[in-house]
Student: 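Sharing a structure here in structure tokens format.
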Amino acid sequence: MSEAYFPVGPGLGMEENFFSLDDILMSQEKLPGRAESALPRLAVLLGRGAGSAESVPEGSKLEIPLWLAKGLHDSKRRIISVELPKIYKEAWRTVLSADANVVDLHKMGPYYYGFGSQLLNFENPENPEIAQTILQATGGGSVVPVSDSVCSLQTFIARFRRIMDSSQNAYNEDTSALVARLDELERALFQVGQKGLNDFQCWEKGQASQITASSLVQNYGKRKLAEMDG
């Protein structure tokens, strides 16, 4: 019997995948911002009025869902301005660079890496530092090099090592405590590690005919072949 839903992975970098449940949920995360001009008929949507015809006055402070902020953001018309959530500001980047493993990323934002990548759609002087931390650390490609944030690259790397170590040393155990502090991307990586461990244990016990390549490896190979054909 076929599955009712085939999981679709999130988009990469600044792009969203509209078939991905993770990206749909991430787009509901809110950004602090300000109305640079009056916003007609948006008061109810932004939780600032009772009537559908009410407008948001110019200068109002807002909490804007990501999907709406991207739709309203226009550098030429100055409809809204967007601020960085505190977890992406310099103070927290310093904490992450000091010891990334002590931070509860799920509590600060369940889509820390994906949401941080989306922030690059908005004009902000700290974008190079955020890109250095998010995109390069997660393999999103080349970004503007920033000398004073090189240590921030260790955020994902340091956490990744502990995640994979934990996933490989937790066999038939309750892993809820291990994943509680992880963002959704990290939880997905943990599950990949757990599946690899379980598949190997089954093979070792003679319960599987062969070890098959990870779907991540298979997809990577397909992309490489497509690039070569192109």
Side-chain angles (χ1 to χ4, degrees), residues 9-18 20-37 39 42 45-47 60-98 100 103-160 181-189:
L12 295 174
M14 295 167 63
E15 299 298 324
E16 291 179 76
N17 187 333
F18 294 104
S20 167
L21 289 179
D22 281 330
D23 276 357
I24 292 171
L25 293 172
M26 179 190 66
S27 70
Q28 303 298 321
E29 294 287 307
K30 293 185 177 181
L31 283 166
R34 182 177 181 273
E36 299 295 340
S37 60
L39 304 176
L42 287 181
L45 184 60
L46 295 171
S60 300
K61 290 187 176 182
L62 305 171
E63 290 286 327
I64 317 168
L66 173 64
W67 63 268
L68 181 59
K70 289 176 67 174
L72 292 176
H73 181 69
D74 188 324
S75 58
K76 295 180 179 178
R77 295 178 59 193
R78 297 290 294 173
I79 299 174
I80 63 167
S81 58
V82 171
E83 301 172 9
L84 286 180
K86 65 179 182 179
I87 187 62
Y88 300 99
K89 291 183 178 180
E90 183 179 2
W92 273 102
R93 292 200 304 270
T94 301
V95 172
L96 288 166
S97 65
V103 180
D104 186 342
L105 282 190
H106 199 269
K107 181 178 180 180
M108 300 306 296
Y111 298 96
Y112 172 78
Y113 298 105
F115 193 64
S117 299
Q118 291 298 310
L119 295 179
L120 304 180
N121 287 291
F122 307 101
E123 296 175 353
N124 189 289
E126 296 183 61
N127 274 358
E129 285 85 351
I130 296 173
Q132 191 84 359
T133 304
I134 303 297
L135 296 183
Q136 194 167 341
T138 56
S142 299
V143 294
V144 179
V146 181
S147 59
D148 62 357
S149 64
V150 171
C151 58
S152 298
L153 297 177
Q154 303 307 313
T155 299
F156 183 81
I157 296 171
R159 290 174 67 91
F160 175 78
R181 298 164 66 86
L182 307 182
D183 103 313
E184 293 300 323
L185 171 63
E186 294 173 334
R187 290 184 176 189
L189 290 172

Student: Indicate the atoms forming the closest heavy-atom contact of Val82 with Ala69, along with that distance.
Tutor: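 Minimum heavy-atom separation between Val82 and Ala69: CG2-CB, 4.4 Å.
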Student: Would you mind reporting whether Ser27 and Pro65 have side-chain heavy atoms less than 4.5 Å apart?
Tutor: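 Heavy-atom side-chain distance check fails, nothing below 4.5 Å.
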Student: Arg181: which residues meet the side-chain contact (heavy atoms from CB on, under 4.5 Å) condition with it, sequence neighbours left out?
Tutor: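 So Arg181 forms a side-chain contact (heavy atoms from CB on, under 4.5 Å) with Asp104.
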Student: Calculate, to the nearest 0.5 Å, the distance between atoms CD1 and CZ belonging to Ile80 and Arg34 respectively.
Tutor: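 Here the interatomic distance stands at 12.0 Å.
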Student: Side chains of Glu126 and Tyr88: donor-acceptor distance under 3.5 Å anywhere?
Tutor: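 No - no donor-acceptor pair under 3.5 Å links their side chains.
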Student: Where do Val103 and Trp92 come nearest, in terms of heavy atoms and distance?
Tutor: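 Shortest heavy-atom contact: CG1-CZ3, 4.1 Å.
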Student: Look up atom NZ in Lys30 and atom CD in Glu63, then write down how far apart they are to the nearest 0.5 Å.
Tutor: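 One gets 7.0 Å once the value is rounded to the nearest 0.5 Å.
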Student: What's the separation between atom CG in Leu185 and atom CZ in Arg159, rounded to the nearest 0.5 Å?
Tutor: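 Between Leu185 CG and Arg159 CZ, I get 10.5 Å after rounding to 0.5 Å.
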Student: Any side-chain heavy atom of Glu186 sitting closer than 4.5 Å to one from Tyr113?
Tutor: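 A side-chain contact under 4.5 Å exists here.
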Student: Determine whether a donor-acceptor pair (N or O, by modelled atom type, separation under 3.5 Å) exists between the side chain of Arg187 and the backbone of Leu182.
Tutor: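 Judged by distance alone, yes, a pair lies under 3.5 Å.
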Student: If you round to the nearest 0.5 Å, how far is CD of Gln28 from OH of Tyr111?
Tutor: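 It comes to 10.0 Å.
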Student: Which pair of non-hydrogen atoms, one from Ser81 and one from Glu36, has the smallest distance, and what is that distance?
Tutor: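 Closest approach of Ser81 to Glu36, heavy atoms only: OG-OE2, 2.7 Å.
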Student: Taking all non-hydrogen atoms of both residues into account, name the closest pair between Ala35 and Leu62 and its distance.
Tutor: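 Ala35 and Leu62 have their closest heavy atoms at N-CD1, 3.9 Å.
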Student: Between Lys86 and Met108, is there a side-chain heavy-atom distance shorter than 4.5 Å?
Tutor: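 Met108 vs Lys86: side chains touch.
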Student: With side chain to side chain contact (heavy atoms under 4.5 Å, CB included) as the criterion, how do Trp67 and Ile24 come out once you've worked through the C-alpha distance, each side chain's angles and the decisive distance to 0.1 Å?
Tutor: CA-CA 9 Å; Trp67 63 268; Ile24 292 171; over 6 Å; no
Student: Tell me every residue that passes side-chain hydrogen bond (donor to acceptor under 3.5 Å, both in side chains) with Glu184, counting only those two or more places apart in sequence or in another chain.
Tutor: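 By the side-chain hydrogen bond (donor to acceptor under 3.5 Å, both in side chains) rule, Glu184 matches His106.
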Student: What's the spacing between Asn121 CG and Asn127 CG if we round to 0.5 Å?
Tutor: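 If we round to the nearest 0.5 Å, Asn121:CG and Asn127:CG are 9.0 Å apart.
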Student: Flag the pair Leu31 / Phe122 as yes when at least one side-chain heavy-atom distance between them is below 4.5 Å, and no otherwise.
Tutor: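 Sidechains of Phe122 and Leu31: in contact.
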Student: Ignoring hydrogens, what is the shortest heavy-atom contact between Pro85 and Leu119? Give both atom names and the distance.
Tutor: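 Smallest interatomic distance, heavy atoms only, reads CD-CD1, 4.0 Å.
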Student: Does Lys70 reach the side chain of His73, with side-chain heavy atoms less than 4.5 Å apart?
Tutor: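 No, too far: nothing below the 4.5 Å cut-off.
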